[in-house]
Amino acid sequence: MREIERDLLRLVAELPLADRIELARLSPWSERAVYQRLGGLERAGLVESLAHASESIRPTRRFLLNEAGIKRVALSSGCSPGEILGQLPVSQPWRRTLLGRLDSVAVIYRLGCAVAELGQPPRLRWYRSQPADAALGLGDGRTLAVVRWGRTADRTAFGVRLSRLREGPSYSGALVLAPDEVRLKHARRLLRQAPFICFFALERDAAWANSEPRIWREPNAGVRLSLTEALSYVRPNGRWAVEPSLRGTQSPDPLDIRRDAPAPDWLLPARLKPALKRTLDLVGDWPWIRADHLAPLLGVARRRVSKLTAELERLDLLTAPRIDGKRRLVVSDRGLALLARRDRASVGAARKRWSASLIDPEGPLEWRNLRGRRTRQLLRNLTHTEAAHGFLAALAHQGHANGWRFTQLDPPQRASRYFRFEDRLHSIQPDAFGVLRHEGREQPFFLEWERRAIRPSTMAAKLAPYMRYYSSKRPLEDHGAIPLVLVAFEDALAADHFLRVTREQQDIAGVSLPLLITHRDAMTESGPLGPVWRSADCSRLSSWP
């Protein structure tokens, strides 16, 4: 075996699940050399590969050492296979961990490739239980923690991770990836007092960018930096976390990549195509959604939705019970575990909140018999849940026809905003938050589908949190633009009363709300983007955005 092949085997051991391009950029060899030698190692039965793709990463093949490859690395290193299994991320427990996080693993490898453009290829170390997902060691001794905020991870759990990061080893700096602008700004606030400099970017930007695009932000400054500029501010030297070796390590099981073979849970992130992953994410965001409401949110035809959901049902990732004669889609316990492991969230906590399994398997499907407290609440108020789904589906369908598209759409658990007002913590709890984009212009909005606020006192109570929120600077700080507040009622009379109460409360508080009001009958003919909205300042019907 040639030296390049021995070194390449060692590199695959250190960087499991990297593809050919990533291995080439994180090594001193050319892409052509890596392509040729890696193909030879696979034919020799020393490495194995699997296909992978996500919304952020194009289809590619990712490589792993098998048991024969581990023995060959041990032989060339002058140690036993057991020592290699303990020292490098090649054992079966490591394989399951990294495959469960495969989408984020791919993004972090792409980030490592961007760092490699600045000079000597960095060393990359993966973590199982540290607050950082990985760490990059630069050639000059500097260390960078890489932290990803997963789509389904809640604020509290991620805040705990960032607190541990601040109190742990003193890295030279940190690169933090967030799924959207709102959570990116929240992470910036949490790390303002970090003992090392931190830079923040959207995950979708980091997945494709090299070292030149200005996608990185500091905790306090609003100026965007390229990776080249950002790393010029990182202090010299630094330490990185070292995890203890795994005990009782075992050699990895052979990969069974046949499509018709049963897929273990840890292999599902590689088995699922991007469209299936996006479908699972959307159903996870909006439990009990109907297929005809899901289709516009996915931007596909109803027939395509049927194929996608059927495949997810076959894999036991979705269930579709009939309620009131209509199929309602909800993520299964297996699907919840897949999403939680991907985003480093607690599987047990996810099931306590969102499980749709029955407490009594022999009992009926009703809200009292559900294990998940949040799915129980949504099913109990199914009329309201379905109305919110229908509004968003109609908005997506009509927006697509008019050149608008969703760049962000958050369910209630992610749409809430917490803020301080008069030295007390307050919050708004809308039914959804979204951002529509058209030709470079973005319009954020909160949605309130209202059924309970029918008296002046309850209407005033509904308005009070928004009055506090919009009297502060937080709306602009959170979103970069002032979000609209869309309030939809079941009937016209309640909408008229709410309009009057809004005027009264604005006069009392001296706060002007960017609030628009409509009702179901008005939207039936013109849709949510039609001239069906009224504001407290103008009773004439108008459209938005």
Does the distance from a Lys or Arg side-chain N to an Asp or Glu carboxylate O, for Arg62 and Glu22, drop under 4.0 Å?
yes
Apply salt bridge (Lys or Arg N to Asp or Glu O under 4.0 Å) to residues Asp478 and Lys473 and explain how you reach the verdict.
CA-CA 9 Å; Asp478 285 344; Lys473 297 179 181 179; over 6 Å; no
Between Arg371 and Asp333, is the salt bridge (Lys or Arg N to Asp or Glu O under 4.0 Å) condition met? List the steps.
CA-CA 10 Å; Arg371 293 189 181 278; Asp333 283 0; 6.0 Å; no
Do NZ/NE/NH1/NH2 and the carboxylate oxygens of Lys185 and Asp180 come within less than 4.0 Å?
no
Using every non-hydrogen atom in the two residues, find where Leu294 and Leu282 come nearest and quote the distance to one decimal.
CD1-CB, 3.9 Å
Evaluate the criterion salt bridge (Lys or Arg N to Asp or Glu O under 4.0 Å) for residue pair Arg110 and Glu117; output intermediate values, then yes/no.
CA-CA 11 Å; Arg110 295 298 165 92; Glu117 293 180 9; over 6 Å; no
What's the verdict on side-chain contact (heavy atoms from CB on, under 4.5 Å) for Leu64 and Val12, showing C-alpha distance, side-chain angles and the deciding distance?
CA-CA 6 Å; Leu64 292 154; Val12 174; 5.6 Å; no
Gap separating the CD1 atom of Ile428 from the CZ atom of Phe433, nearest 0.5 angstrom
9.0 Å
Between Glu229 and Arg217, does any NZ, NE, NH1 or NH2 come within less than 4.0 Å of an OD or OE carboxylate oxygen?
no
Any chance the side chains of Arg10 and Ser77 put a donor and an acceptor closer than 3.5 Å?
yes
Quick one: are Leu11 and Trp29 in side-chain contact, heavy atoms under 4.5 Å?
yes
Say whether, by atom type as modelled, one donor and one acceptor occur between the side chain of Arg2 and the main chain of Arg37 under 3.5 angstrom.
no
Under 3.5 Å side-chain donor-acceptor pair for His426 and Arg417:
no
Closest heavy-atom contact between Val115 and Pro122?
CG1-CG, 4.0 Å
Polar side-chain atom of Ser27 near backbone of Leu23 as donor-acceptor pair, under 3.5 Å:
yes
To the closest 0.5 Å, what do you measure between CD (Glu218) and CZ (Arg224)?
13.5 Å
Does the Ser332 side chain pair with the main chain of Leu317, one donor and one acceptor, at a distance under 3.5 Å?
yes
Using every non-hydrogen atom in the two residues, find where Pro444 and Ala481 come nearest and quote the distance to one decimal.
CG-O, 4.0 Å
Would you say that more than 12 heavy atoms from the other residues, nucleotides or ligands in this model lie under 6.0 Å from the CZ of Arg123, or not?
no
Side chain of Arg214, backbone of Ser226: donor and acceptor closer than 3.5 Å?
no
Relative to Phe419, does Arg474 satisfy both conditions: NZ or CZ under 6.0 angstrom from the six-membered ring centre, and within 45 degrees of the ring's axis?
no
Hey, mind stepping through Glu31 and Arg25 against side-chain contact (heavy atoms from CB on, under 4.5 Å) and telling me if it holds?
CA-CA 8 Å; Glu31 290 185 15; Arg25 296 194 180 162; 3.6 Å; yes
What closest approach, in Å, do Thr375 and Pro287 show between heavy atoms, and which atom pair accounts for it?
CG2-CB, 4.2 Å
I'd like to know whether CZ of Arg235 has more than 12 heavy-atom contacts from other residues, nucleotides or ligands below 6.0 angstrom.
yes
side-chain contact (heavy atoms from CB on, under 4.5 Å), that's the test. Do Trp354 and Val331 meet it? Break it down for me.
CA-CA 8 Å; Trp354 302 108; Val331 177; over 6 Å; no
Residue list, side chain to side chain donor-acceptor pair (under 3.5 Å) with Gln413, at least two apart or on another chain:
none
Looking at residues at least two apart in the chain, or sitting in another chain, which of them share a side chain to side chain contact (heavy atoms under 4.5 Å, CB included) with Ser471?
Phe421, Val511
Within the distance-only criterion (no hydrogens, no angle test), does the side chain of Arg278 pair as donor or acceptor with the backbone N or O of Leu298 below 3.5 angstrom?
yes
Residues Pro81 and Ala74: closest non-hydrogen pair is N-CB, 3.6 Å
Donor + acceptor pair across side chains of Thr97, Arg128 (<3.5 Å)
no
Can you measure from CG (Leu268) to CG (Leu102) and round to the nearest 0.5 angstrom?
11.5 Å
Step by step, would you call Trp404 with Glu439 a side-chain contact (heavy atoms from CB on, under 4.5 Å)?
CA-CA 8 Å; Trp404 290 86; Glu439 295 181 353; over 6 Å; no
Check: Glu167 side chain, Arg164 main-chain N or O, donor-acceptor pair, under 3.5 Å:
no
Here the gap from Leu202 atom CG to Gln408 atom CD, rounded to the nearest 0.5 Å, amounts to 9.0 Å
Quick check against the 3.5 Å criterion: does Asp133 have a side-chain atom that pairs as donor or acceptor with the backbone of Arg148?
yes
Measure the CZ-CD distance between Arg353 and Gln377 for me, rounded to the nearest 0.5 Å.
13.0 Å
For Ser129 and Glu243, does a side-chain donor sit closer than 3.5 Å to a side-chain acceptor?
yes
In plain terms, say whether Arg414 and Asp154 are close enough for a salt bridge, that is, a side-chain N and a carboxylate O under 4.0 Å apart.
no
Tell me if a side-chain donor or acceptor on Tyr233 pairs with a main-chain N or O of Cys198 at a distance below 3.5 Å.
no
For the residue pair Glu67 and Ser251, what are the closest heavy atoms and their distance?
OE2-OG, 3.8 Å
Please report the C-alpha distance between Ser472 and Arg420 in whole Å, then the side-chain angles of each, then the deciding distance to 0.1 Å, and finally whether the side-chain hydrogen bond (donor to acceptor under 3.5 Å, both in side chains) criterion is met.
CA-CA 9 Å; Ser472 68; Arg420 290 205 168 270; over 6 Å; no
Any side-chain heavy atom of Arg342 sitting closer than 4.5 Å to one from Thr152?
yes
Main chain of Arg437, side chain of Gln443: is a donor-acceptor contact present, judged purely on distance under 3.5 Å?
no
What distance separates Leu272 CG from Leu312 CG, expressed to the nearest 0.5 Å?
6.5 Å
Under 3.5 Å side-chain donor-acceptor pair for Ser49 and Glu42:
yes
Is the closest basic N to carboxylate O distance between Arg334 and Asp265 below 4.0 Å?
yes
Are there over 12 heavy-atom neighbours, none belonging to Arg344, within less than 6.0 Å of that residue's CZ?
yes
Do Ser56 and Ser54 have side-chain atoms, one donor and one acceptor, less than 3.5 Å apart?
no
Can you label the angle between the His186 ring and the Trp149 ring as parallel, tilted or perpendicular, going by 30° and 60°?
tilted
Measure centre to centre between the rings of Trp126 and Tyr109, then say whether the value is under 6.0 Å.
yes
Parallel under 30°, tilted from 30 to 60°, perpendicular over 60°: which one fits the rings of Phe406 and Phe445?
tilted
Checking Leu75 now: which residues fulfil side chain to side chain contact (heavy atoms under 4.5 Å, CB included) with it, not counting sequence neighbours?
none
Are any side-chain N or O atoms of Asp343 and backbone N or O atoms of Ala345, one a donor and one an acceptor, separated by less than 3.5 Å?
no
Enclosure of Arg192 CZ (heavy-atom neighbours >12, cutoff 6.0 Å):
yes
